[in-house]
Q: 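My structure is below; once you've seen it, I'll send some questions.
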Amino acid sequence: MAVKKLISWNVNGIRACVGKGFLDSFRAMDADVFCIQESKMQEGQLKLELPGYTQTWNYAKRKGYSGTAIFTKEEPCEVILGMGIEEHDQEGRLITLDMGDYYMVTAYVPNSQSELRRLSYRMEWEDDFRSFVSKLAGKKPVVICGDMNVAHQEIDLKNPATNHMNPGFTDEEREKMTALLDAGFVDSFRYLYPDAVDAYSWWSYRMKARERNVGWRIDYFLVSRGLEEKIKEAKIHSDIMGSDHCPVELDIEF
C-alpha cells in the first residue's frame with residue numbers, strides 16, 4: 001500500500017499560468033497525479049517539459065477554450081477522452097485514466113454562464129456524467145477531481161444569500177452535486193473537515209476578492225464510497241498563485 005498525492009488545478013489558461021510560475025509550483029508539489037482544467041490551448045501551442053510524467057491532453061475543438069490534461073508518474077493502463085457522447089465531447093472537458101487500482105477522472109464541468117443561458121445544457125451534461133462515472137465505479141474505485149463549477153452548500157462560499165440562483169449556486173446545480181454524491185461518491189474535503197469555513201478554491205478577479213478571501217469552493221476531489229477510509233489528507237492550497245483558482249490536493253492510500 002502506498003499513499004498517492006493527487007493534485008487538481010484549474011489553471012485558467014496553461015500558457016498564461018506557465019508565465020506566472022506554474023512549473024515551479026508543479027515541481028514543488030511533486031504529485032503522483034496532477035490534473036489541470038481550462039488549459040485553453042490546442043495541440044502544439046505549448047511544449048510542457050515535465051520529466052518523469054506521462055502527459056494526457058484533451059483539447060476543445062474551439063480554440064482558446066476549455067480543455068483538460070492529466071500528468072502521471074505511472075503510465076496509465078487505458079486512456080478515455082470524453083464520455084462517448086458526441087454532443088458533450090467537443091469541449092475537452094473530461095479525461096479518464098485507468099490507473100490499475102482505480103480510475104482517475106478529471107472534469108471541467110460546464111459553467112451555466114450569465115443569465116443561466118447554459119443551465120439546461122449543463123443539467124444534461126451532469127446526468128450523463130453521473131451515469132458515466134457510475135458505470136466506471138461498477139468496475140473499480142473511482143477518484144473524480146476538477147472544477148465542478150458549483151458551491152455545494154452554503155458553507156462553500158462567502159456570500160450564499162446574495163449569490164442564490166447565480167451561476168454556480170443555483171438550486172439545480174447544487175441538486176446535481178447532491179445526486180452525484182448520492183450515486184456513491186464522497187467529497188473528500190468535507191469528509192475530513194465537515195465544518196471548515198472560509199475554505200475556498202476560486203476568487204473573482206474583481207474587488208480584491210482573493211485578498212479579502214471572498215471566495216467559493218468549486219474545485220473538488222470526490223472518491224467512490226468505500227475509499228473514504230483510505231483518505232489521508234485533503235488540502236486547499238490557497239497560497240499558490242497563478243490562476244483565479246488554487247490547487248486542491250488529495251492524499252490517498254492504494
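Just so you know, these numbers use all the heavy atoms, side chains as well, and skip hydrogens, waters and symmetry mates.
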Q: Closer than 3.5 angstrom, by distance alone: can the side chain of Glu228 be matched with the main-chain N or O of Arg225 as a donor-acceptor pair?
A: no
Q: How far apart are the C-alpha atoms of Glu124 and Glu87, what are their side-chain angles, what is the distance that settles it, and do they pass the side-chain contact (heavy atoms from CB on, under 4.5 Å) test?
A: CA-CA 10 Å; Glu124 290 173 34; Glu87 181 189 11; 3.4 Å; yes
Q: Applying side-chain contact (heavy atoms from CB on, under 4.5 Å) between Leu180 and each of Val150, Asp127, Val133, report the one that passes.
A: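 Among Val150, Asp127, Val133, the one meeting side-chain contact (heavy atoms from CB on, under 4.5 Å) with Leu180 is Val133.
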Q: Taking the side chain as C-beta and beyond, is there a heavy-atom pair between Leu81 and Ile95 under 4.5 Å?
A: yes
Q: Which heavy atom of Arg210 sits nearest a heavy atom of Ser243, and at what distance?
A: NH1-O, 3.0 Å
Q: Any link between Val143 and Met83 through a network of hydrophobic side chains (Ile, Leu, Val, Met, Phe, Trp, Tyr) touching at under 4.5 Å?
A: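 Val143 does not cluster with Met83.
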Q: Atom CD1 of Ile14 and atom CD of Gln45: how far apart are they, to the nearest 0.5 Å?
A: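 Here the interatomic distance stands at 12.5 Å.
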Q: Do you know which two heavy atoms are closest between Gly242 and Lys20, and how far apart they sit?
A: O-CD, 3.5 Å
Q: For side-chain contact (heavy atoms from CB on, under 4.5 Å), just list the numbers for Trp125 and Arg93, CA-CA rounded to whole Å, side-chain angles, deciding distance to a tenth of an Å, and then say yes or no.
A: CA-CA 10 Å; Trp125 196 97; Arg93 293 185 176 276; 4.1 Å; yes
Q: Taking all atoms of both residues into account, what is the closest heavy-atom pair of Ala60 and Ser66, and its distance?
A: CB-CB, 4.2 Å
Q: Could you measure the distance from the CZ atom of Arg190 to the CG atom of Leu181? Nearest 0.5 Å is fine.
A: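 It comes to 12.0 Å.
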Q: Less than 4.0 angstrom from a charged side-chain N to a carboxylate O is my criterion; do Arg122 and Glu173 meet it?
A: yes
Q: Identify the heavy atoms of Ile240 and Ser25 that sit nearest to each other, and give their distance.
A: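 In this case the closest contact between Ile240 and Ser25 is CG2-OG, 3.6 Å.
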Q: Go through the steps to decide whether Thr68 and Ile36 satisfy the test side-chain contact (heavy atoms from CB on, under 4.5 Å), and finish with yes or no.
A: CA-CA 6 Å; Thr68 48; Ile36 66 167; 6.0 Å; no
Q: If hydrophobic clusters are built from ILVMFWY residues whose side chains come within less than 4.5 Å, do Leu227 and Met99 share one?
A: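 Linked, Leu227 and Met99 end up in one cluster.
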Q: Can a salt bridge be assigned to the pair Glu115 and Arg117 using a cut-off of 4.0 Å between side-chain N and carboxylate O?
A: no
Q: Taking atom types as modelled, is there a side-chain donor on Gln37 or Thr106 under 3.5 Å from an acceptor on the other?
A: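 Thr106 and Gln37 do have a side-chain donor-acceptor pair below 3.5 Å.
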Q: Take atom CD in Glu74; do more than 12 heavy atoms of anything else shown fall under 6.0 Å from it?
A: no
Q: What are the two closest heavy atoms between Cys77 and Gly100, and how far apart are they?
A: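 Closest approach of Cys77 to Gly100, heavy atoms only: SG-N, 3.9 Å.
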Q: Going through the distances and angles, do Trp216 and Asp156 end up as a side-chain hydrogen bond (donor to acceptor under 3.5 Å, both in side chains)?
A: CA-CA 6 Å; Trp216 301 49; Asp156 293 318; over 6 Å; no
Q: Taking the side chain as C-beta and beyond, is there a heavy-atom pair between Trp9 and Phe26 under 4.5 Å?
A: no
Q: Quick check: do Leu48 and Gln55 have side-chain heavy atoms less than 4.5 Å from each other?
A: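 SC-SC contact between Leu48 and Gln55 confirmed.
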Q: Is there a side-chain contact between Met41 and Trp57 in this structure, where contact means two heavy atoms from C-beta onward sitting under 4.5 Å apart?
A: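 Counting from C-beta outward, Met41 and Trp57 do come under 4.5 Å.
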Q: Just by modelled atom types, is the Asp30 backbone N or O under 3.5 Å from a matching donor or acceptor in the Lys5 side chain?
A: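 Checked: no pair found.
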Q: Can you find a heavy atom in the side chain of Val186 that is under 4.5 Å from one in the side chain of Leu222?
A: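 SC-SC contact between Val186 and Leu222 ruled out.
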Q: Just wondering, do His237 and Lys235 contact through their side chains at under 4.5 Å, heavy atoms?
A: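 In contact.
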Q: Using a 3.5 Å distance criterion without hydrogens, assess whether the side chain of Arg27 forms a donor-acceptor pair with backbone atoms of Phe22.
A: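 Checked: no pair found.
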Q: Distance check, rounded to the nearest 0.5 Å: Lys230 atom NZ versus Asp251 atom CG?
A: 15.0 Å
Q: If I take atom OH from residue Tyr53 and atom CZ from residue Phe34, how far apart are they, to the nearest 0.5 angstrom?
A: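 Here the interatomic distance stands at 8.5 Å.
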Q: For the residue pair Asn213 / Lys158, report whether a side-chain donor-acceptor contact shorter than 3.5 Å exists.
A: no
Q: Flag yes if Tyr121 and Met148 sit in one hydrophobic cluster, no otherwise; membership is Ile, Leu, Val, Met, Phe, Trp, Tyr, and two members link when side-chain heavy atoms are under 4.5 Å apart.
A: yes
Q: If I compare all heavy atoms of Ala151 with all of Phe169, which pair ends up nearest, and what's the gap?
A: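 Closest approach of Ala151 to Phe169, heavy atoms only: O-CD1, 3.2 Å.
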Q: Evaluate ring-ring contact (aromatic ring centres under 6.0 Å, His included) for Tyr59 paired with Tyr65, printing each intermediate quantity in order.
A: CA-CA 8 Å; Tyr59 306 103; Tyr65 180 72; over 10 Å; no
Q: Determine whether Leu6 and Phe221 make a side-chain contact, defined as any pair of heavy atoms from C-beta on separated by less than 4.5 Å.
A: yes
Q: Tyr220 and Met104: same hydrophobic cluster, using ILVMFWY side-chain contacts below 4.5 Å?
A: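 Hydrophobic grouping puts Tyr220 apart from Met104.
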Q: Considering only heavy atoms from C-beta outward, does the side chain of Arg118 approach that of Pro110 to under 4.5 Å?
A: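 The answer is yes; the side chains approach within 4.5 Å.
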Q: Go through the side-chain N and O atoms of Asp128 and His88 and say whether any donor and acceptor fall under 3.5 Å apart.
A: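 Yes, a side-chain donor-acceptor pair sits under 3.5 Å.
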Q: For Ala137, is there any backbone N or O sitting under 3.5 Å from a side-chain donor or acceptor partner on Ser224?
A: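 No, Ser224 side chain to Ala137 backbone: no donor-acceptor pair under 3.5 Å.
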Q: Is there a side-chain contact (heavy atoms from CB on, under 4.5 Å) between Phe185 and Ile144 once you walk through the steps?
A: CA-CA 9 Å; Phe185 295 94; Ile144 302 166; 3.8 Å; yes
Q: To the nearest 0.5 Å, what is the distance between CD1 on Ile7 and SG on Cys145?
A: 9.5 Å
Q: Rounded to the nearest 0.5 Å, how far apart are CG of Leu136 and CD1 of Ile80?
A: 6.0 Å
Q: Test of understanding: with side chain to side chain contact (heavy atoms under 4.5 Å, CB included), list the residues that count as partners of Met207, not counting sequence neighbours.
A: Arg212
Q: Please check this pair: side chain of Asp147 against backbone of Asn10, looking for a donor-acceptor N/O pair closer than 3.5 Å.
A: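 Side chain of Asp147 to backbone of Asn10, a donor-acceptor pair under 3.5 Å: no, none is there.
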Q: Please determine whether salt bridge (charged side-chain N to carboxylate O under 4.0 Å, His left out) holds for the pair Asp98 and Lys140, giving the CA-CA distance in whole Å, both sets of side-chain angles, and the decisive distance to 0.1 Å.
A: CA-CA 9 Å; Asp98 182 344; Lys140 66 175 76 176; 2.8 Å; yes
Q: When clusters are formed by joining ILVMFWY residues with side-chain heavy atoms under 4.5 Å apart, either directly or through shared neighbours, do Val105 and Ile218 land in the same one?
A: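 Unlinked, Val105 and Ile218 end up in two clusters.
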Q: Would Arg174 and Glu172 count as a salt bridge (charged side-chain N to carboxylate O under 4.0 Å, His left out) if you check the C-alpha gap in whole Å, the side-chain angles of each, and the deciding distance to 0.1 Å?
A: CA-CA 5 Å; Arg174 295 169 67 194; Glu172 293 92 336; over 6 Å; no
Q: Checking side-chain contact (heavy atoms from CB on, under 4.5 Å) between Arg217 and each of Val248, Ile236, Leu157, which is the one that passes?
A: Ile236
